[in-house]
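When reading the values below, keep in mind they use all heavy atoms of this one structure, side chains included, and skip hydrogens, waters and symmetry mates. This one's a predicted model, so the numbers in the text were calculated from it and none came from an experiment.
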Amino acid sequence: MVHNQQGTNGRGFGAVQPLIIHVPDRCSECWGCARHCPARAIRVIDGRTEIIEERCVKCGACVTECGNGARIIRDDLGLVRELLEGETPVVMLLASEYIAALHPLEPTQVEVSLCALGFEHIETTVVGEEIVAAAYEQVHATDAVHPPRLRSTCPVAVDWVRFFHPALTGALVPLVPPYIAQSRVIRDKHHTEVAIVYASPCWARKDEALAAEYVDVVIGFDELRKLVAEGAHAINDGCEPGPLAHRKELSATDGFPRRTLQKSNLTDRGVAVVRGLRDIDRFLTAISRGEVFPEVVDMLSCESCIDGPCVNAGVSVFAKRNIDLAERERMLPPRDVLRLDRPTVDLRRSFSPDPAMRVEPSDAEIDQALAAGEFFTRNDALDCGACGYDTCIEHAASVCLGNSSWDACFPLARRRLTRERERLESEAVTDDLTGLFNRRAFNLRLEEEVGRSRRYGNDLALIMLDLDGFKGVNDTQGHAAGDTLLRSVGVLLKSELRATDIAFRYGGDEFALVLAATTESDAWVVAEKLRTLLGSMVSHTEHGMRVSATASLGVAAFGPSITDPQGLLSAADAALYRAKRRGRNRVELASRVQTH
């Protein structure tokens with residue numbers, strides 16, 4: 001017999017892959033895996049996620065929460081097929097939850113299919129669960145010298161204690177889980193070497209068995225379903241059945257004694273039943289603080305093993321319990337061999353603490369990280385929990401440690417997205433150089449104002465403005481000087497116009513001004529004022545160079561002869577170019593010539 005060793009498979013298969021495998025091509029970067037990981041064992045860095053191995057308790061939450069299958073569990077069916085192809089007889093050991101896991105298949109169908117694949121013997125863990133339950137009863141019956149006693153059949157809960165509450169590691173009951181106990185029974189009763197394949201409701205068992213003796217390969221019930229489907233098409237040569245049709249007497253879920261559970265009461269110092277890793281963590285914290293004093297803690301990472309991550313995931317725990325109960329009611333009562341003659345095997349094991357490394361950032365570092373997340377004081381914290389952390393301060397500490405980033409903060413992401421959308425919308429209608437609205441915005445606004453004037457009979461005027469000799473400024477003083485002049489014009493226009501007037505950079509050195517509720521004569525007054533101010537304006541470049549220019553302007557007004565946006569623009573444009581032809585640095589009206 002060859003025992004399993006950490007990191008390799010005991011049958012000589014060599015190194016195995018990690019239990020949880022990331023498939024980057026399937027990742028949608030929603031980071032749901034990081035938010036739902038109770039151990040904070042997934043970091044988000046540069047838009048990608050990775051598992052922090054020293055914190056991972058292999059609960060599988062990241063796998064079940066990913067809708068795209070970006071995280072998958074290692075497939076060990078290849079190892080099972082290699083065993084079946086070898087010379088060593090292979091025993092299939094089924095966790096007792098297999099009935100609900102493989103529903104609607106009947107137990108006899110499962111047995112026939114597995115026999116057809118070549119398994120020498122098939123049995124469930126009912127014997128191991130009864131043996132372990134009896135051992136737990138003996139432990140619980142002894143005087144509690146150092147309570148509490150922590151249930152240790154759940155590998156996920158055990159690692160939670162070892163990693164995050166290492167001081168309580170000694171409280172773990174030093175008994176093997178039922179599948180290990182029964183594997184030892186199987187090897188003791190066979191006179192020749194056998195290989196054992198265990199089908200489990202829990203993916204964490206797959207790696208737990210690597211460091212345990214007597215089990216060669218562990219597969220999940222999801223893999224078992226595939227295996228049974230293969231066996232349905234194979235030739236059945238028959239095999240030796242195990243006690244598949246017998247109920248348990250002492251044990252409840254996974255070898256925990258029923259009589260102990262009957263005494264459970266969270267209000268006294270008896271038995272505390274705790275389910276789920278977050279509740280387990282809170283309860284163990286309360287124990288460490290001296291807030292509760294239970295003698296026994298029945299803790300499981302799932303509601304029960306029948307609700308394990310690979311037990312018929314599409315079926316509710318309530319339906320699975322009904323399926324299991326209906327099938328077991330048809331089973332025979334426990335046989336004497338289970339009740340009186342339980343095999344005697346060594347059930348001992350030990351645990352060692354393996355504290356997850358934790359560095360606490362300073363308050364100053366946390367405050368700096370909060371500021372980077374746009375929480376400028378601690379009072380700004382939202383504590384919405386959308387990132388997966390209970391508080392913004394916890395998330396900021398994780399950011400300090402490099403285990404997360406503010407990309408995972410959804411309120412911050414929304415704020416950034418809103419700002420970016422507003423920026424893009426602004427850029428779509430804003431001229432970068434002058435800060436005025438651009439030609440696209442002009443076309444939209446002119447059409448709106450003409451429509452409003454047509455509908456309500458309001459006055460409306462348009463001024464087109466063009467700098468005189470602007471090309472010469474660029475040619476003689478450089479484009480930087482020209483840009484300085486254009487910016488100065490933009491500042492002047494914004495400062496001199498009313499709040500209801502709008503200035504636009506129409507293109508190049510040409511500007512447009514839409515004046516709502518303004519007559520043609522009033523617009524001419526505005527144009528003259530701007531012409532005078534522009535003629536006296538002197539700007540300086542960053543190198544101290546002086547730049548200036550005069551301007552020509554054309555004015556048109558909405559009225560009986562000008563009734564649409566294009567007509568208004570054409571009239572003002574024609575007046576502008578008339579001003580250019582007549583000597584520049586002047587204002588012209590579209591309907592008649594005006595001189596200053």
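- The pair Asp324-Arg321 fails the salt-bridge criterion, with no side-chain N (NZ, NE, NH1 or NH2) lying under 4.0 Å from an Asp/Glu carboxylate O.
- Using modelled atom types, one side-chain atom of Thr169 and one backbone atom of Pro166 make a donor-acceptor pair closer than 3.5 Å.
- Here the closest non-hydrogen pair linking Leu117 and Leu227 is CD1-O, 3.2 Å.
- Looking at heavy atoms from C-beta onward, Cys62 lies in side-chain contact with Ile42 at the 4.5 angstrom threshold.
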Check the pair Phe256, Val273 against side chain to side chain contact (heavy atoms under 4.5 Å, CB included), reporting the backbone distance first and the verdict last. CA-CA 11 Å; Phe256 201 74; Val273 178; over 6 Å; no
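- Remark: the backbone N or O of Val126 is not paired with any side-chain donor or acceptor of Ser96 at under 3.5 angstrom.
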Salt bridge (Lys or Arg N to Asp or Glu O under 4.0 Å) between Arg187 and Asp216, worked out: CA-CA 12 Å; Arg187 293 199 185 276; Asp216 294 273; 2.7 Å; yes
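- For the atom pair CD (Glu130) and OG1 (Thr125), the distance works out to 10.0 Å, reported to the nearest 0.5 Å.
- We find the OG-CZ distance between Ser152 and Phe351 to be 4.0 Å, quoted to the nearest 0.5 Å.
- Of the possible donor and acceptor atoms, none in the side chain of Lys58 sits under 3.5 Å from a partner among the backbone N and O of Asp207.
- For residues 388-401, every residue pair satisfying the side-chain hydrogen bond (donor to acceptor under 3.5 Å, both in side chains) rule, not counting sequence neighbours, is listed here: Tyr389-Ser398, His395-Ser404.
- Looking only at distances, no side-chain donor or acceptor of Arg71 sits under 3.5 Å from a matching main-chain atom of His22.
- Of all heavy-atom pairs between Phe119 and Leu114, the closest is CD1-O, 3.1 Å.
- Between Pro201 and Ala95 the shortest heavy-atom distance is CD-CB, 3.6 Å.
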Phe283 and His165: CA distance, side-chain angles, deciding distance, ring pair (Phe, Tyr, Trp, His ring centres under 6.0 Å) verdict: CA-CA 11 Å; Phe283 197 80; His165 297 273; over 10 Å; no
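- Side chain of Asp307 to main chain of Cys302: no donor-acceptor pair is present (N/O by atom type, distance under 3.5 Å, no hydrogens or angles).
- Within a 6.0 Å sphere centred on CD of Gln109, heavy atoms belonging to other residues, nucleotides or ligands number more than 12.
- Considering OG1 of Thr64 and CH2 of Trp203, their distance stands at 6.0 Å, rounded to 0.5 Å.
- One N or O on the side chain of Arg275 and one on the backbone of Asp298 form a donor-acceptor pair closer than 3.5 Å.
- Leu175 CG to Thr153 OG1: the interatomic distance, rounded to the nearest 0.5 Å, is 9.5 Å.
- Counting only distance, with no hydrogens or angles, the side chain of Trp406 and the backbone of Ala369 share a donor-acceptor pair below 3.5 Å.
- Using a 4.5 Å heavy-atom cutoff, the side chains of Val345 and Leu347 are in contact.
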Walk me through whether Leu168 and Ser288 qualify under side chain to side chain contact (heavy atoms under 4.5 Å, CB included). CA-CA 8 Å; Leu168 293 174; Ser288 299; 3.8 Å; yes
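- A distance of 8.0 Å separates CD1 of Ile21 from CG of Leu19, quoted to the nearest 0.5 Å.
- Counting heavy atoms from C-beta on, the side chains of His121 and Ile186 never come closer than 4.5 Å.
- No side-chain donor-acceptor contact under 3.5 Å links Arg55 to the backbone of Phe164.
- Here the side chains of Arg151 and Leu300 are in contact, with some heavy-atom distance below 4.5 Å.
- Contact between Cys59 and Pro309 at its shortest, heavy atoms only, is O-CG, 4.1 Å.
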When you look at Phe221 and Tyr98, which way does the ring pair (Phe, Tyr, Trp, His ring centres under 6.0 Å) test go after all the steps? CA-CA 7 Å; Phe221 279 142; Tyr98 82 98; 7.4 Å; no
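- Screening Asp76, Asp75, Asp222 for a salt bridge (charged side-chain N to carboxylate O under 4.0 Å, His left out) involving Lys206 leaves a single residue, Asp76.
- Judged by distance alone, the side chain of Gln182 and the main-chain N or O of Val127 form a donor-acceptor pair under 3.5 Å.
- Counting only heavy atoms from C-beta outward, the side chains of Arg278 and Pro38 approach each other to under 4.5 Å.
- Taking all atoms of both residues into account, the shortest heavy-atom contact from Asp281 to Thr285 is O-OG1, 2.8 Å.
- Minimum heavy-atom separation, Glu193 to Thr88: O-CG2, 3.5 Å.
- Not counting sequence neighbours, the partners of Arg35 by the side chain to side chain contact (heavy atoms under 4.5 Å, CB included) test are Trp31, Phe410.
- At least one side-chain heavy atom of Val139 sits under 4.5 Å from a side-chain heavy atom of Arg149.
- Taken to the nearest 0.5 Å, the CD1 atom of Ile366 stands 7.5 Å off from the CG atom of Leu370.
- Annotation: side chain of Val274 is not in contact with side chain of Arg282 (no heavy-atom distance under 4.5 Å).
- Residues forming a salt bridge (charged side-chain N to carboxylate O under 4.0 Å, His left out) with Glu85 (at least two apart in sequence, or on another chain): none.
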Asn403 vs Arg40, side chain to side chain contact (heavy atoms under 4.5 Å, CB included): CA-CA, chis, key distance, verdict: CA-CA 8 Å; Asn403 292 335; Arg40 305 282 184 259; over 6 Å; no
Could you walk me through whether Val80 and Glu223 pass the side chain to side chain contact (heavy atoms under 4.5 Å, CB included) check? CA-CA 10 Å; Val80 176; Glu223 294 168 287; over 6 Å; no
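- Tyr179 is listed as a side-chain neighbour of Leu93, based on a closest heavy-atom distance under 4.5 Å.
- Side-chain atoms of Asn68 never come within 3.5 Å of backbone atoms of Ala70 as a donor-acceptor pair (strictly under, hydrogens ignored).
- With respect to Glu208 and Arg205, a salt bridge is recorded, a charged nitrogen being found less than 4.0 Å from a carboxylate O.
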